[in-house]
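All values below come from the heavy atoms of this structure, side chains included, with hydrogens, waters and symmetry mates left out.
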Amino acid sequence: MKGEAASCLPNQSLALLQFKQSLSQGSRPLLSTWKNESDCCEWEGISCDHTTGFVTGVEIWNLRVQVSDPNSSLFQLSHLQSLDLSRNLVAGEILSRLSEFTHLTELSLSDCNLIGPIPESFKQLSNLTYLDLSRYRLSGEIPQGIVQKLHLDHNKLNGCFPDFGNEFSPLVDVDLSYNMLDGEIPLSIIRKLPHIELLDIQWNIITGTNGFSLFQNLRNLSYLDLSWNYLTVEFPKTVYVNHQATIFLHLEILYLVSCNIKGEFPWFLQNTKAVGELNLSHNNISGKVPTWVWRLPELRYLDLSHNKLDGFEEAVNINGSRNFDLPLMFNTSLSLYVSNNNIKGTIPSALFCNLLFLKHLHLSKNNLTGTIPDCLANLTGLDELDLSKNKLQGQRLICGSQSLSLIELSGNQFTGEMTRLLYNCSSNNMRVLDLSNNRLTGRFPDNWPTAFDELAVLDLSNNQLQGPIPEVYCNSSTPALQVLNLNDNKLVGRIPRNLSMCSELTVINLGNNELSDVFPFWLGHLDYLRVLALHSNKFHGTVSSSFSIKMFPSLLILDISRNQLKGHLLSILFQNFSSLMRKETNVGSKDPSYRSYSTYQQPLLLTIKGQSRVWKMITILTSIDLSNNLFTERIPEEIGALEELYSLNLSRNNLEGPIPRSFRQL
């Protein structure tokens, strides 16, 4: 009969409670289950040896507290085997005493804001097998040890690529990404890392030319990332079709971004049957994507963007017919990125329409012509469709998938009325809709407010749309819209008043239309609004009289040029722009969620010193343009307080007085 599990020892419970008291927790509740007169083995983040009652594990990651007591009772837990203080603020005194945990096997101090070299005392942790010191500001060379899993990514480590000592290394996982390691990958890496499963060295300054065969004897290798260094990776020139290769049997993830790969698609990869993620983007691969790629049974992510590919290989059967020779059962959800290549001709429907589980299809910045194949409507799992910057035509979109969250078709040659183009297009999941830079005409569909009620980004700029801007679907519970760009159309009427309910708005660009309205002071309470562009319309009336204190708190760009606005510029107009008075421009407490779509960047056309330029929102500047209006009287001195303002344009008005001192250089 088994005995009952031992409870937490009293001295262990007391040590933990004292440790909790030493944490700087502020006013928020912290570790609420850590209470006196209860079994500490049941507390949040605590593990125990149930035979002895000793605490063996402490995991209090992501509390964002200060761990600073140099005499911390934490060190009374002498049997501790696992310690995770990640994403807290750990003081150096604590770090220097960690060698006292002689039984420690796992240590994670990721993102703890520590600076300096890796402590020498870590070498005394003779039982340590897992060490995570990622996202520090650690510097210096990498110490050698007996750990099996070593995570030192996102630091400032320098020196040559480590040779991992003179003996065989027990390392299984090595993550040295995002550092400053240089030199070449030593040839001895194969002999010294016989057990390696994960090797990530992306974003360093490693140099040299390496044949990929360097890694082929790493029999357990499942994850390899050599991206964004100064490497040249060479592949075997030929492969025998009947050769049953035994190399890379376990390789699941391979990232070789920007590795100066040249020539045709690496044919030997057809033997990597376990590969699920393959990223060969930003190289010089030419020719066609071979058909055997679609036979890789585990493939779920393929990125071939930014290469020199010119198409997709077709197979020729014995009877002479041509097809893409797809497998009978392709049931893996696939994300496919082949943007920024030289692919010509029509979209190969025989290929993509048979990838029934296609999730993401990105073919932007190629030379595709013709129309969008009707059969794409059958891909019910399609989530993202990016065909932007091609030469596609047509008057109808294919919107069969109700799961579509992103449609990017900008920079093509679509024509006709937008109502017809968007016929039968509605999705409760749609987050990004970009039809800009086409030749669309007509008015907004009647069902517009409810057809896309979850839109975060709507970009219909540079078309020929007419009529009024419809009311948008925003309320306090669903304030989805973040970017509204209707620039350069023929829209008339007023700005929809319920835009003021879209509390997440960051960009409003309604320039180059025929809108007739007063200045939209009702948008001033939007906390995250960074860009308001209303230039080249028929806005009229005064501006300053509509302002009140604490309006437009995050505004970085205001362009109301080329309108019919009048009156004098009161000081309060410029006193509102608090975001231009700070030394930092990361205003607001949250980043727009549309940025999770990594391929979407919102452009904005600004005129600075008489020259127009498209600026990306990711590297946004600050600008105020009030030119070409009817403003009168003096230039307010308060403009000089806007220290973070990059461009100010007050030309072609009836203003008088000196230019504010801070802007005489502009």
Side-chain angles (χ1 to χ4, degrees), residues 5-23 31 34 39-41 43-61 63 67-112 114 116-134 136 138 140-152 155 162 164-175 195:
S7 300
C8 176
L9 295 174
N11 68 326
Q12 304 283 280
S13 178
L14 179 61
L16 288 171
L17 290 174
Q18 291 175 346
F19 175 63
K20 176 184 176 180
Q21 291 298 318
S22 72
L23 302 178
L31 301 174
W34 291 29
D39 187 353
C40 78
C41 295
W43 293 354
E44 172 190 357
I46 301 301
S47 303
C48 293
D49 183 331
H50 292 292
T51 301
T52 63
F54 286 115
V55 171
T56 58
V58 175
E59 298 182 9
I60 58 169
W61 61 279
L63 295 181
V67 184
S68 58
D69 182 8
N71 298 312
S72 175
S73 54
L74 184 68
F75 293 100
Q76 297 178 30
L77 307 176
S78 57
H79 289 73
L80 203 63
Q81 299 175 20
S82 175
L83 177 61
D84 188 349
L85 300 178
S86 299
R87 304 190 74 179
N88 292 296
L89 301 176
V90 178
E93 296 87 351
I94 298 288
L95 191 66
S96 63
R97 294 188 59 190
L98 289 176
S99 59
E100 298 179 22
F101 290 124
T102 57
H103 298 283
L104 204 63
T105 61
E106 298 182 5
L107 175 60
S108 182
L109 297 174
S110 173
D111 198 7
C112 286
L114 293 171
I118 299 175
E120 288 289 324
S121 58
F122 279 15
K123 294 181 180 180
Q124 301 175 32
L125 299 174
S126 58
N127 293 310
L128 196 65
T129 60
Y130 175 81
L131 177 61
D132 187 351
L133 300 178
S134 60
Y136 272 30
L138 297 176
E141 297 186 359
I142 299 173
Q144 307 302 320
I146 66 167
V147 295
Q148 296 178 8
K149 297 183 178 182
L150 180 64
H151 292 188
L152 299 174
N155 281 291
F164 300 106
N166 299 320
E167 304 295 335
F168 292 134
S169 171
L171 282 167
V172 175
D173 289 2
V174 178
D175 190 347
H195 307 293

Rounded to the nearest 0.5 Å, how far does CG of Leu85 lie from CG of Leu98?
-> 8.0 Å

Under the side-chain contact (heavy atoms from CB on, under 4.5 Å) rule, what do Gln18 and Gln76 come out as? Steps first, then yes or no, please.
-> CA-CA 10 Å; Gln18 291 175 346; Gln76 297 178 30; 3.9 Å; yes

Which heavy atom in His103 sits nearest to a heavy atom in Ser78, and how many Å separate them?
-> CD2-O, 3.3 Å

Please check if the side chain of Ser82 supplies one atom and the backbone of Gly57 the other of a donor-acceptor pair under 3.5 Å.
-> no

Counting distance only, does the side-chain N/O of Thr129 pair as donor-acceptor with the main-chain N or O of Thr105 below 3.5 Å?
-> yes

Determine yes or no for a side-chain-to-main-chain donor-acceptor pair under 3.5 angstrom, with Ser13 supplying the side chain and Pro10 the backbone.
-> no

Evaluate the side-chain contact (heavy atoms from CB on, under 4.5 Å) criterion for residues Leu9 and Val55: first the C-alpha distance (whole Å), next the side-chain angles of each, then the deciding distance (0.1 Å), finally the verdict.
-> CA-CA 8 Å; Leu9 295 174; Val55 171; over 6 Å; no

Can you see which heavy atom on Leu77 is nearest to which on Ala15, and at what distance?
-> CD2-CB, 4.1 Å

Once you round to the nearest 0.5 Å, how far does CG of Leu109 lie from NE2 of His151?
-> 14.0 Å

Report the distance from atom CD of Glu44 to atom CD1 of Ile60, rounding to the nearest 0.5 Å.
-> 9.5 Å

Identified side-chain hydrogen bond (donor to acceptor under 3.5 Å, both in side chains) partner of Ser134 from the options Ser110, Ser108, Ser86 = Ser110

For the residue pair Leu107 and Leu128, establish whether any side-chain heavy-atom pair is separated by less than 4.5 Å.
-> yes

Out of curiosity, Gln148 CD to Leu171 CG, how far, rounded to the nearest 0.5 Å?
-> 8.5 Å

Pairwise distance CG(Asn127) to CG(Leu104) - rounded to 0.5 angstrom = 8.5 Å

With sequence neighbours left out, the residues meeting disulfide (SG to SG under 2.5 Å) with Cys8 are Cys40

Would you find a donor on one side and an acceptor on the other, under 3.5 Å apart, between the side chain of Tyr136 and the backbone of Leu152?
-> no

Assess whether side-chain contact (heavy atoms from CB on, under 4.5 Å) is satisfied between Leu16 and Trp34, documenting all intermediate values.
-> CA-CA 8 Å; Leu16 288 171; Trp34 291 29; 3.9 Å; yes

Verify whether the ring centers belonging to Phe101 and His79 lie closer than 6.0 Å.
-> no

Without swapping roles, check the side chain of Lys20 against the backbone of Leu31 for a donor-acceptor pair under 3.5 Å.
-> yes

Is the backbone N or O of Val90 less than 3.5 Å from a side-chain atom of Asn88, with the two atoms forming a donor-acceptor pair by type?
-> no

So which heavy atom on Gly53 is nearest to which on Gln12, and how close?
-> O-CG, 4.1 Å

Check the pair Ile46, Val58 against side-chain contact (heavy atoms from CB on, under 4.5 Å), reporting the backbone distance first and the verdict last.
-> CA-CA 5 Å; Ile46 301 301; Val58 175; 4.0 Å; yes

List for me each residue that meets salt bridge (Lys or Arg N to Asp or Glu O under 4.0 Å) alongside Asp132, sequence neighbours excluded, and say none if there are none.
-> none

State which residues pass salt bridge (Lys or Arg N to Asp or Glu O under 4.0 Å) with Glu59; sequence neighbours excluded, sorted by chain then number.
-> none

Value for CG (Asp39) from NE2 (His50), rounded to nearest 0.5 Å, stands at 8.0 Å

